[in-house]
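Take a look at the structure below.
These values consider heavy atoms only, across backbone and side chains, with no hydrogens, waters or symmetry-generated copies. Since the structure is predicted, the reported quantities are computational estimates derived from the model, not experimental observations. Below, chains carry the letters A, B, ... as their sequence lines are ordered, and counting in each starts from 1.
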Amino acid sequence: MRMKPSGRVLAMAALSIGIFVADTVTNLEIAVAVFYVAVVLLAIGHFRARGVVLVSAGCMALTIVSFLLSKEGAPESGLVNCAISLLAIAATTHLGLKTVAASVAIQEAQAQLARIARVTSLGELTASIAHEINQSLAAITTSGNACMRWLAAQPPNLEKARLGAERIVSDASRASEVILRVRQLAKRAPPHKDWSSLADGIAEIIALTRGEIERHHIALRLRLAQGLPAIRFDKVQIQQVVLNLILNSIEAMKGTAGRPRELTISLEPADQGSVLVAVGDSGVGFGSLQPEQFFDAFYTTKSEGMGMGLAISRSIVEAHGGHIWAEPNPQGGATFRFTLPTAETEAP
Amino acid sequence: MTQTSDGAARAPVVFVVDDDGSVRAALADLLVSVGLEAKCYASVTEFLAGDRLDAPGCLVLDVRMPGLSGLEFQREMAKWKIQLPVIFITGHGDIPMSVSAMKAGAIEFLAKPFRDQDLLDAIQAGLEKDRVRRQEAAAIAELKLRCSALTPREREVMELVVTGLLNKQIAARLGVSEVTVKVSRGQVMRKLQADSLAELVRFADRLKDAGRDRGIPPG
């Protein structure tokens, strides 16, 4: 049940008051204070461990106070009820904290898995990343040689030599940008949401995969809308999703012949202020399978695939409050689309 | 596709087709630094839309580009009536492709980053090859021109002269007097500017070869 933080605190307070009143004022022969576990359960998962312990201690204190204040009923049964309640609260708190620890561990494992999948995807790009760097190196080498020839001319042409040197510097920085992008994607950083331009993020991934796209003689069609509303997202994670979709599309078009190979990537505003990213191909499509099956973990058509790509992509998109789905294209192939909410529609 | 004709003795031009802007800029500078004229294009389409120049040339082509690949273009060059020698450059390390490219008649296949001297050597070889081809083509064109000035009778006589027949035999074959044959023969030698029978025979062979290459019957 999703509630706003302040609503949750309100509910906990109201519940606590209600239980306290019921426990102190009424003369029911039952351990009403056991119901404080509901307050503890509300705290679990939404407050840190220390906060949960505080809430739990508070409930236990209220229980004891109720016991001390109660006039009605037999003292022995009152003591027993108090003990039962305290035990229940303590046990719930202990189990609850264990659950929290377990879910933190799961999240870390998921982040690890996502990173592994990301690095695996990057591995598939090795050849085209090498090609990108190679282009820069070729330009640098050639410019360097031209530079030397200009300097050896009679008389030396310093202006041309200077222009050559400028080109070398610019090409070198282009190459180091490629390395930077690769490093960022391979980093072991924890998830980090920030305001960023989705168009720029997608463009970076396209630059990284351009070599791979070319290698397979695929025509790239881009429709990236500019001036979209600001989005708060984890750049590395969303780039991973886009990278995964692009690599899948390339894979789907590997075997096709006789049909022009087209990869279409678009970014456009969608309803209710969210944005829509679509990656479409003219590949083999879904065959006899349902599009949804492709999102199952460990489903893969690749001989060396892990099959985690789409499953991880889905969990990333949904963690951002969006949706991801796939549809066959009328002219063959498939299009994968995902939405991301923008500032106004951000998920709690 | 425009064709400018400034005459056969123009300075050579190197056409560079590569979709990477940095590579184009660097190559252009290198070529200019050794005194060559460079014309750069980002794609085969742009190249085809550009000016063809009446000068010895050669083509430096990236193997893989978006759209039409360099290798496919090499196969299609005849269709576009392009006879430029081709030098391939690639950033992809395509060994199998290099074999097909060389078999299809490329001058050289270089992997990026290449040594500038390797490229320049290949370009010189290409330009020389194109120079020779252009000289040949010019010579054939000249011969054809001279040939077109022959009358039908003179053409008949020429075809028989180069097979080694004597004037007497030719006269008998054509049913004319030996004098007519002698006169025609003289005209043929004069119009074709042949100094000897041997040279005439060579001219005739060249015309026949050129005609055969294009599927046109000689004469």
Side-chain angles (χ1 to χ4, degrees), chain A residues 126-154 156-175 177-178 206-207 210-222 260-263, chain B residues 14 16-38 40 42-45 60-73 75 87-97 109-123:
Chain A
T126 306
S128 49
I129 291 171
H131 172 258
E132 266 301 294
I133 310 267
N134 228 12
Q135 296 278 68
S136 294
L137 283 178
I140 289 169
T141 314
T142 306
S143 284
N145 281 309
C147 214
M148 288 194 282
R149 285 172 195 271
W150 286 122
L151 289 173
Q154 300 295 342
N157 189 330
L158 294 179
E159 180 54 23
K160 292 265 192 188
R162 190 185 63 80
L163 288 172
E166 274 181 6
R167 281 198 311 266
I168 289 173
V169 170
S170 150
D171 291 335
S173 82
R174 174 181 143 194
E177 262 178 39
V178 173
I206 289 172
R210 205 176 271 279
E212 193 69 13
I213 293 170
E214 254 172 56
R215 225 150 60 88
H216 293 101
H217 303 285
I218 297 171
L220 177 65
R221 305 215 184 295
L222 283 180
R261 296 179 180 178
E262 277 186 11
L263 176 65
Chain B
V14 179
V16 174
V17 184
D18 191 316
D19 64 320
D20 189 294
S22 307
V23 171
R24 278 201 307 275
L27 275 176
D29 195 35
L30 179 70
L31 294 170
V32 171
S33 76
V34 296
L36 288 170
E37 186 180 337
C40 297
S43 67
V44 168
T45 320
V60 175
L61 191 53
D62 187 311
V63 170
R64 280 195 220 255
M65 288 180 286
L68 191 62
S69 86
L71 208 53
E72 286 164 349
F73 178 62
R75 286 195 283 264
I87 296 158
F88 280 115
I89 52 177
T90 180
H92 286 280
D94 298 301
I95 304 301
M97 187 167 285
F109 191 99
L110 295 169
K112 293 172 181 169
F114 40 77
R115 288 177 50 231
D116 64 325
Q117 199 54 51
D118 289 345
L119 180 67
L120 291 173
D121 289 343
I123 287 176

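In this structure, SG in A:C147 is found 11.0 Å from CG in B:L30, a value given to the nearest 0.5 Å. With rounding to the nearest 0.5 angstrom, the CZ atom of B:F114 is 8.0 Å from the OG1 atom of A:T141.
Nearest approach of B:A26 to A:S143, heavy atoms of both residues: CB-OG, 3.2 Å. Residues A:A138 and B:P113 approach most closely at CA-CB, 3.7 Å, considering heavy atoms. Shortest non-hydrogen contact noted between B:S33 and A:R149 is OG-CD, 3.4 Å. In this structure, A:R167 and B:A25 approach most closely via the heavy-atom pair CD-CB, 3.7 Å. Residues B:V23 and A:Q135 approach most closely at CG2-O, 3.7 Å, considering heavy atoms.
For the pairing with A:N145, the side-chain contact (heavy atoms from CB on, under 4.5 Å) check across B:V34, B:D29, B:D116 returns one residue only, B:D116.
Both the backbone and the side chain of B:V32 come within less than 4.5 Å of a heavy atom in chain A. With a 4.5 angstrom heavy-atom cutoff, B:L120 touches chain A only via side-chain atoms.
Between B:D20 and A:R174, at least one side-chain N (NZ, or NE/NH1/NH2) sits under 4.0 Å from a carboxylate O, which counts as a salt bridge.
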Walk me through whether A:L137 and B:K112 qualify under side chain to side chain contact (heavy atoms under 4.5 Å, CB included).
CA-CA 8 Å; A:L137 283 178; B:K112 293 172 181 169; over 6 Å; no
